[in-house]
Amino acid sequence: MKRKDLLGIQELTQEEILEILDTAETLQEISTRPIKKVPTLRGKTVINLFFEASTRTRTSFEIAGKRLSADVVNVSASTSSVSKGETLIDTAKTLDAMAADCVVIRHSSSGAPHTIARLTKARVINAGDGAHEHPTQALLDALTIRQRKGRLNGLKVAIVGDIAHSRVARSNAHLLTKCGSHVWLCSAPTLMPVGWHELVKENCEFLHRTHSMEEALEGADVVMMLRVQFERMDESFFPSVREYFRYYGLTRAKVERAKPEAIIMHPGPMNRGVEIATDVADGPFSVILDQVSAGVAVRMAILFLMLGGQSS
Amino acid sequence: MALKLSYQLMTAGEVRGTLETLADQIVSVNGGRQVVLLGIQRRGIPMAQRMAGHIGVKTGQQPQMGMLDINLYRDDLTKVATQPVVHRTEIPADIDDKDVILVDDVLYTGRTVGAALRALIDFGRMRTIQLAVFVDRGHREMPIEANFIGRKITTKDTEVVEVRLTEIDGEDAIYVMEKT
């Protein structure tokens, strides 16, 4: 990979996306071995710097790093000097001074990883910044879709839920439209970002919006449900959870509108009974746990491509 | 870096004949025991496939096959100029106590085979690990030797031995090229 940092899908080319997915596909085999480890990144230090709660992304990066023999260190905001008032920039410079090779950062402010990337020699991977981007999630979603559907172009993908607060929706919209699939953003009017149609600059003919879940799901190949992010909501966006579920929750009856072999995705963590019914989440078309497995492979691929070859 | 043809080492017929000879030697040395042929990415794979086919016809039993990519085990990964493309690794599930034949096209510094040995250790404890190559061109940098050699030649280190196989390159031939 030519670039120093992985900050978002927006700036990636289709070739770069496919390079990551192809590499991830070959690295998947490592996780099936009796000894799930290769010595490739021996002596490299990866720091997980998480300013927001996370189970799967942090664990996934940690496992990915360890399967490649990198030394992985976890720093969470609540137990670090951040709680003593240290600024983001000072924290980043401190970690850089310890000769970290790679910093994986999650932060509630959009652009935080970009600030750190400018100030550190270490390579920076964005593991989610505010409502901006979550590139590794979109890449693992793409790997899951490609392995199930055999392609990434010409698909109808419905992304349903809290679009306004979702970095997953943004990264996925960039990735899937770049690859030639139609993305339908669907949410209640209060949860649709104002400038949704400016989200992708090129390929804007691939991006659609609707407030009707039935329209979004009609003939869809992929249904991607988003979590309602109550923690980011400082006002009321819908009258009640029951009403939300009635209009925007995924039930078996609504799945009927999608193609017969459509797959159901969710980036997790799920709010069962809010955006997705339990029988759908655990049903035969759900690939939610495949997404988790793909996540380890995609993060291994990114660490390998960023730290493996000659770089700086 | 441009390459100029020095001479052709093997024609298509010689390539096929050499593969069959190698396969016959593997069968006779291993005295009827079932072997596992592991091709090293990339040209070791079609070599191993063809040898497996030949052994299958000869003995009536198709040997197990596998493929190995050594890029994750390279000792120069952080120094190489261009990032290697990692290809597929597929090792048969139960490889413990088997006789494994590593198959590669050219034996040169020995570092590829060294990396392959490091990789294999992670998959179990094989009864033996043997090595079959098309061409041994000398210039070893590690104490590694092949058990089965198609052709042993003396080369200058400015030369490149180019093995071409139909499955990958559209023809069967081996050329010795000179860097210019």
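These values consider heavy atoms only, across backbone and side chains, with no hydrogens, waters or symmetry-generated copies. Each chain gets a letter, A, B and so on, in the order its sequence line appears, and its residues count up from 1. What you are looking at is a predicted structure, and each value in this text was computed from that prediction instead of being measured.
Using a 4.5 Å cut-off on side-chain heavy atoms (C-beta onward), A:Ile30 and B:Leu72 make contact. Inter-residue side-chain proximity for A:Thr23 and B:Val85 is flagged as unmet; no heavy-atom pair is nearer than 4.5 Å. Here the side chains of A:Ile35 and B:Phe123 are not in contact, with every heavy-atom distance at 4.5 Å or above. B:Arg74 is not listed as a side-chain neighbour of A:Thr40, based on a closest heavy-atom distance of 4.5 Å or more.
A:Ile89 CD1: 12 or fewer foreign heavy atoms inside a 6.0 Å radius. Under a cut-off of 6.0 angstrom, the local environment of CZ in A:Arg42 is sparse, with at most 12 non-hydrogen atoms contributed by other residues, nucleotides or ligands.
Taking CD from A:Gln28 and CZ from B:Arg88, the interatomic distance works out to 8.0 Å, rounded to the nearest 0.5 Å.
Closest non-hydrogen pair, A:Lys37 versus B:Tyr73, comes out as O-OH, 4.0 Å. Here the closest non-hydrogen pair linking A:Glu29 and B:Thr89 is CG-O, 3.2 Å.
Looking at A:Pro39, the atoms closer than 4.5 Å to chain B (heavy atoms on both sides) sit in the backbone and in the side chain alike. Heavy atoms of A:Leu41 lying under 4.5 Å from chain B are absent altogether.
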